[in-house]
Amino acid sequence: MSKKVIVLNGPNLNLLGLREPAVYGKATLEDVEALCRETGARLGVEVECLQSNHEGVLLDALHAAGRRVKAGEVIGVVMNPGAYTHTSIALHDAIKGAEVPLIEIHISNVHARESFRHHSYVSPAAAGIVVGFGVDGYRLAIEGLVRKQGA
Ligand code: CA2
């Protein structure tokens with residue numbers, strides 16, 4: 001059975017493609033999840049996707065992913081934590097505590113935007129970061145995770 005990659009999307013990413021196309025592009029969350037599954041299929045991994053607007057749901061998903069990494073079923077997580085990137089010490093602690101290999105991805109170049117988007121609580125706990133490539137960044141992040149962790 002093929003190994004799995006978990007793709008997590010945080011708050012407001014369910015609005016992708018429906019608002020602010022100049023910043024985030026025209027692709028919907030459904031399109032992004034299809035792109036992730038296609039990328040996984042090409043690389044021989046199965047992709048499971050979850051989006052939530054609730055911090056606790058994302059924390060639980062990271063804990064579950066960590067357990068599945070230890071069981072050898074999952075290779076790691078690709079996560080766009082949305083605005084929780086800039087606020088959540090709890091996400092930082094969960095990634096470290098669950099010992100889950102995680103690639104942080106942002107659609108926009110957060111460093112070219114408002115200063116409150118320049119700091120990430122997630123980055124110091126991440127195995128890698130993909131920023132500013134639009135939704136294509138999800139493909140790059142999955143490729144990077146598979147290269148780093150093996151499948
Ligand atoms: O660039 C990214 O991927 C972000 O993680 C997106 C977050 C933002 O808070 C981060 O600073 C950077 C926003 C999530 C998407 O929010 C939308 C709001 C309206 C329309 C479409 C998406």
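Note that ligands are numbered from 1 as they come in the structure, with each ligand's atoms numbered from 1 the same way. These values consider heavy atoms only, across backbone and side chains, with no hydrogens, waters or symmetry-generated copies. Please read these numbers as outputs of a predicted model, since none were measured by experiment.
Heavy-atom proximity to Ala83, at under 4.0 Å, picks out these atoms of ligand 1: 9 (O).
Closest protein heavy atom to atom 9 (O) of ligand 1: Arg117 NH1, 3.0 Å. Of all protein heavy atoms, the one closest to atom 1 (O) of ligand 1 is Ser108 OG, 2.6 Å. When only non-hydrogen protein atoms are considered, atom 16 (O) of ligand 1 lies nearest to Asn12 CB, 3.5 Å. Counting protein heavy atoms only, atom 12 (C) of ligand 1 is closest to Val110 CG1, 3.6 Å. Atom 2 (C) of ligand 1 has as its closest protein heavy atom Ile107 N, 3.4 Å. The nearest heavy-atom contact from the protein to atom 19 (C) of ligand 1 is Glu20 OE2, 3.6 Å.
Judged by distance alone, the side chain of Gln51 and the main-chain N or O of Gly10 form a donor-acceptor pair under 3.5 Å. Between the Glu104 side chain and the Ser123 main chain, a donor and an acceptor come within less than 3.5 Å of each other. Of the possible polar contacts, one joining the His86 side chain to the His119 backbone as a donor-acceptor pair under 3.5 Å is found. Of the possible polar contacts, one joining the His118 side chain to the Arg113 backbone as a donor-acceptor pair under 3.5 Å is found. In this structure, His92 contributes its side chain and Tyr121 its backbone to a donor-acceptor pair below 3.5 Å. Side chain of Ser88 to backbone of Thr85: no donor-acceptor contact under 3.5 angstrom is found.
Residue Thr85 places no N or O, backbone or side chain, under 3.5 Å from any N or O of ligand 1. For Arg19, no nitrogen or oxygen atom sits less than 3.5 Å from a nitrogen or oxygen atom of ligand 1, counting backbone and side chain alike. For ligand 1, the polar-atom distance check finds no N/O of Tyr24 at less than 3.5 Å from any of the ligand's N/O atoms. At least one N or O atom of His86, backbone or side chain, sits closer than 3.5 Å to an N or O atom of ligand 1. Annotation: Leu16 places no N or O atom under 3.5 Å from an N or O atom of ligand 1; distance criterion only.
Of all the heavy atoms of Asn80, the ones lying under 4.0 Å from any atom of ligand 1 belong exclusively to the side chain. Contacts of His106 with ligand 1, taken as heavy-atom pairs under 4.0 Å, involve both backbone and side chain. When non-hydrogen atoms are compared, ligand 1 lies under 4.0 Å from the backbone of Pro11 (N, CA, C, O) but not from its side chain.
Within a 6.0 Å radius of CZ in Phe133, no more than 12 heavy atoms belonging to other residues, nucleotides or ligands are found.
With salt bridges taken as basic N to acidic carboxylate O contacts below 4.0 Å, one links Lys70 and Glu99. Comment: Glu143 engages Arg42 in a salt bridge, judged by a side-chain N to carboxylate O separation of less than 4.0 angstrom. A salt bridge links Lys4 with Glu73; the closest basic N to acidic carboxylate O contact falls under 4.0 Å.
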